[in-house]
Asker: 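Dropping the structure in here first, questions after.
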Amino acid sequence: MTLNPLANPKGVKLVCELCQKPAFIQCTDCRVTYYCGVEHQKADWLGIHEKICQALVYIRTAIPFINSEEERQKRKKQLLEKQREMIDLTRTTGQKLLFEGKHEQAVPAAMQSLRFAIEVHGLASIELVPSYLILGEASIGLGRLSQAEEYLSQAQWTVLKTPECSDAIKSKLYRNLGLLYAAKGEYEEALRAIADDIYHASMMFGTDDIRTSGGYFHKANVFFRQNKMDVADSLYKRVTDIWYDHLEKIVKVRTKTPVAPKGVGLVVTEINQEPEVGLDEAQEAEAKQVLGAIYDIREQQQPSADVMAQACHALSMLLFILHDAGKAKEITKKAVALKESLSENEVTKSVLEFNTYLDRIDVY
C-alpha cells in the first residue's frame with residue numbers, strides 16, 4: 001500500500017474509492033485509484049485493492065485513439081472480459097472474507113464487485129444481486145441491520161421483477177434474509193427463509209451438494225439458539241455428511257498412487273486422467289467455518305464415538321487439502337483413539353486408511 005497526497009486539479013473531480021467523497025490521496029502503484037484519507041485507503045487495500053491494483057490500470061486507463069474498427073472492437077472485447085474476471089474475483093474474495101468473519105474487509109470487495117457489475121450489466125440487472133447480498137451479509141455481521149435491510153430489499157426487488165432469475169440466486173437471497181431475521185431474534189421467520197433457501201439450492205444443485213449444505217448449517221444454528229438440540233444435531237450431522245463425501249473424493253484423488261507404466265521406452269503423456277474435484281477460495285473458507293464450528297460443538301457435547309470420529313475426519317481431510325498435513329494428523333489421531341468404540345463402517349475404514357497414509361509422509 002502506497003500513499004501519494006495530492007491536491008485535486010482544478011475542474012477535475014476525484015472521489016474516494018469507498019465513500020465517494022472528495023479524494024486527496026492517490027495509490028502510487030496504479031495511479032487510477034483515489035481516497036479521502038489513509039483510513040479508507042488501508043481498508044480498501046486489505047479488502048480487495050491489493051489483488052486488483054494492476055488490473056485497474058488496464059480497466060481505467062483511457063483507450064487510445066485507434067483507427068481500425070477491428071482493433072477497437074478487439075479492445076472493447078478484451079476490456080469486457082477483464083471486467084467479468086474482476087466481478088468473479090471480487091465476489092469470491094468478498095464471500096471468502098465473510099466466511100472468515102472479516103465483515104469490515106468484505107465491504108470493499110463487495111463494493112468493487114457491484115461497481116464492475118453495473119459497468120458490465122447496467123443498473124437494473126439481476127447480475128447485481130450477488131454483490132448486494134455480500135454487502136447485506138457484511139452489514140449483518142457488523143450489526144448494521146438497517147443497512148442490511150436496505151441492501152437485501154434492493155436484492156429482493158430485483159429478484160421479484162426478474163422472472164428468469166436462477167434458483168442459485170434465490171437461494172442466496174433467502175439465506176441472507178434468514179441470517180437477518182436470526183440476527184433480529186425472529187427465529188420463525190428465519191427458519192421459513194432458510195427453508196426457501198434449501199428448496200431453491202436443492203432445485204439447482206441437489207439436496208446433497210456443498211452449495212446446499214449452508215442452508216442446513218444456518219438452520220441448525222437457529223435451532224441451536226433456541227436450545228432445540230435434537231433437531232440442531234441432526235442438521236449438523238447432515239452438513240458433516242455432505243462435506244465429508246465431497247472432501248473424501250478430493251483426498252482420494254490426491255492420495256492415489258500413480259500407476260507405473262509398463263514396458264521399456266514408453267512415453268507417458270498423461271499419468272492421471274481423473275479430473276480433480278476442488279474448492280475455490282470461498283468454499284475453502286466456508287468449509288473451515290462450518291466444519292470447525294461443528295467440531296467445536298461436538299467436542300463440547302461428547303457425542304457418540306461414530307459422530308465424533310466423522311467430525312474429526314471431515315476436518316482433518318479439509319486441513320490436508322489446505323496443505324496443513326501436520327494439523328490434519330493431530331485431528332486424525334483423535335478419531336483413531338476412538339477406534340475401540342467405533343462401529344465397523346466406511347468412516348472407520350477411511351479414518352484408518354487416512355491415518356496410515358499420513359504416517360507414511362513427512363507432515364512437518
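Atoms considered below: every heavy atom in the structure, side chains included; atoms not considered: hydrogens, waters and symmetry mates.
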Asker: Taking the side chain from Q300 and the backbone from I297, do they hold a donor-acceptor pair closer than 3.5 Å?
Answerer: no
Asker: Please test K329 against L319 for side-chain contact (heavy atoms from CB on, under 4.5 Å), starting from the C-alpha separation and ending with a verdict.
Answerer: CA-CA 9 Å; K329 188 169 185 176; L319 290 166; over 6 Å; no
Asker: Nearest 0.5 angstrom please: L315 CG to L247 CG, how far?
Answerer: 9.5 Å
Asker: Without hydrogens or angle criteria, can the side chains of T33 and Q26 be said to hold a donor-acceptor pair below 3.5 Å?
Answerer: no
Asker: Looking at E39, I want to see if its CD is surrounded by more than 12 non-hydrogen atoms of other residues, nucleotides or ligands under 6.0 Å.
Answerer: no
Asker: Roughly how far apart are R360 CZ and L358 CG, rounded to 0.5 Å?
Answerer: 9.5 Å
Asker: Using 0.5 Å steps for rounding, measure from the NE2 atom of H40 to the NE2 atom of H49.
Answerer: 15.0 Å
Asker: Determine yes or no for a side-chain-to-main-chain donor-acceptor pair under 3.5 angstrom, with R225 supplying the side chain and A182 the backbone.
Answerer: yes
Asker: Would you say that more than 12 heavy atoms from the other residues, nucleotides or ligands in this model lie under 6.0 Å from the NZ of K161, or not?
Answerer: yes
Asker: Is there a side-chain contact between Q78 and Y58 in this structure, where contact means two heavy atoms from C-beta onward sitting under 4.5 Å apart?
Answerer: yes
Asker: Return the minimal non-hydrogen interatomic distance between I48 and A109, and the atom names on each side.
Answerer: CB-CA, 3.8 Å
Asker: Consider only side-chain heavy atoms of I, L, V, M, F, W and Y, link residues closer than 4.5 Å, and tell whether L179 and L97 are in one cluster.
Answerer: no
Asker: Between K333 and E330, is there a side-chain N and carboxylate O pair less than 4.0 Å apart?
Answerer: no
Asker: Is there a side-chain hydrogen bond (donor to acceptor under 3.5 Å, both in side chains) between T212 and D209 once you walk through the steps?
Answerer: CA-CA 5 Å; T212 305; D209 190 277; 5.1 Å; no
Asker: Any salt bridge (Lys or Arg N to Asp or Glu O under 4.0 Å) involving residues 285-300? Give me the pairs, sequence neighbours left out, ordered by first then second residue.
Answerer: D233-R298, E299-K334
Asker: Are V239 and Y244 in one and the same hydrophobic cluster, where Ile, Leu, Val, Met, Phe, Trp and Tyr link if side-chain heavy atoms are under 4.5 Å apart?
Answerer: yes
Asker: Using a 6.0 Å cut-off, check whether atom CD of Q302 has over 12 heavy atoms from anything other than its own residue.
Answerer: no
Asker: Look only at the side chain of S166 and the backbone of I169, and say whether a donor-acceptor pair between them is shorter than 3.5 Å.
Answerer: yes
Asker: Hey, are T356 and D359 close enough side-chain-wise for a donor-acceptor pair under 3.5 Å?
Answerer: no
Asker: Can a donor-acceptor pair be found, under 3.5 Å and without considering hydrogens, that links the side chain of S350 to the backbone of E346?
Answerer: no
Asker: Hydrophobic clustering (ILVMFWY, side-chain heavy atoms < 4.5 Å, transitive) - are L80 and V57 grouped together?
Answerer: no
Asker: Before accepting this row, confirm whether a basic side-chain N of the pair R192/D196 lies closer than 4.0 Å to the acidic partner's carboxylate O.
Answerer: no
Asker: Taking all non-hydrogen atoms of both residues, which atom of A335 and which atom of V351 are closest, and how far apart?
Answerer: CB-CG1, 3.8 Å
Asker: Quick one: does L98's side chain get under 4.5 Å of H103's, heavy atoms only?
Answerer: yes
Asker: Using 4.0 Å as the upper bound for N to carboxylate O, is an ion pair formed by E100 and K96?
Answerer: yes
Asker: Heavy atoms, side chains only, cut-off 4.5 Å: are V251 and F354 in contact?
Answerer: yes
Asker: Is any side-chain heavy atom of C16 closer than 4.5 Å to one of P22?
Answerer: no
Asker: Would you mind listing every side-chain hydrogen bond (donor to acceptor under 3.5 Å, both in side chains) that reaches into residues 107-119, with sequence neighbours excluded?
Answerer: E17-Q112, E17-R115, Q83-E119, Q112-R115, S113-S131
Asker: Looking at L89, is its backbone amide N or carbonyl O close enough to the side chain of T92 to form a donor-acceptor pair, meaning the two atoms are under 3.5 Å apart?
Answerer: no
Asker: If only atom types and distance count, is the side chain of T90 paired as donor or acceptor with the main-chain N or O of I87 below 3.5 Å?
Answerer: yes
Asker: Is the shortest heavy-atom distance from the side chain of V159 to the side chain of V129 under 4.5 Å?
Answerer: yes
Asker: For the residue pair R211 and Y216, would you count it as a cation-pi contact if the rule is NZ or CZ under 6.0 angstrom from the ring centre and within 45 degrees of the ring axis?
Answerer: no
Asker: For residues V222 and H218, determine if any side-chain heavy atom of one lies less than 4.5 Å from a side-chain heavy atom of the other.
Answerer: no
Asker: NZ/K76 to CD/E71 distance, rounded to the nearest 0.5 angstrom?
Answerer: 15.0 Å
Asker: Can you list the steps and then say if M229 with Q301 is a side-chain contact (heavy atoms from CB on, under 4.5 Å)?
Answerer: CA-CA 10 Å; M229 296 309 301; Q301 289 178 326; 3.3 Å; yes
Asker: What are the two closest non-hydrogen atoms of Y34 and A23, and how far apart are they?
Answerer: CB-CB, 3.5 Å
Asker: Any salt bridge between K184 and E149, counting N to O under 4.0 Å?
Answerer: yes
Asker: Measure the CG-NZ distance between L191 and K228 for me, rounded to the nearest 0.5 Å.
Answerer: 7.5 Å
Asker: Taking ring-ring contact (aromatic ring centres under 6.0 Å, His included) as the test, write out the residues that go with Y357, two or more places apart.
Answerer: F320
Asker: Does I198 share a hydrophobic cluster with I294, counting links as ILVMFWY side-chain heavy atoms below 4.5 Å and allowing steps through other members?
Answerer: yes
Asker: Hydrophobic clusters here meaning ILVMFWY residues chained together by side-chain heavy-atom distances under 4.5 Å, can you tell me if V336 and I361 are in one?
Answerer: yes
Asker: Hey, does E284 have a side-chain heavy atom less than 4.5 Å from the side chain of D280?
Answerer: no
Asker: Would a distance-only check, ignoring hydrogens and angles, find a side-chain to backbone donor-acceptor pair under 3.5 Å from S171 to D167?
Answerer: no
Asker: Is it true that D197 and K170 have a side-chain N and a carboxylate O under 4.0 angstrom from each other?
Answerer: no
Asker: Indicate the atoms forming the closest heavy-atom contact of I134 with A110, along with that distance.
Answerer: CG2-CB, 3.5 Å
Asker: Picking from Y236, Y295, F217, what satisfies side-chain contact (heavy atoms from CB on, under 4.5 Å) with V290?
Answerer: F217
Asker: Are H313 and T332 linked by a side-chain donor-acceptor pair shorter than 3.5 Å?
Answerer: no
Asker: Might you point out which heavy atoms bring V32 and R60 nearest each other, and give the distance in Å?
Answerer: O-NH1, 3.3 Å
Asker: Give, for atom OH of Y174 and atom CG of L152, the distance between the pair rounded to the nearest 0.5 Å.
Answerer: 12.5 Å
Asker: Side chains of L279 and L318: closer than 4.5 Å at any heavy-atom pair?
Answerer: yes
Asker: Tell me if the OH atom of Y187 is crowded by more than 12 foreign heavy atoms within 6.0 Å.
Answerer: yes
Asker: Can E281 and K51 be counted as an ion pair, charged N to O under 4.0 angstrom?
Answerer: yes
Asker: Start with the C-alpha distance between M111 and V107, add both sets of side-chain angles, then the distance that settles side-chain contact (heavy atoms from CB on, under 4.5 Å), and finish with yes or no.
Answerer: CA-CA 6 Å; M111 289 178 64; V107 173; 3.7 Å; yes
Asker: Shortest non-hydrogen contact from A282 to F99?
Answerer: O-CD1, 3.3 Å
Asker: For the backbone of C165 and the side chain of T162, can you confirm whether one donor and one acceptor N or O come within less than 3.5 Å of each other?
Answerer: no
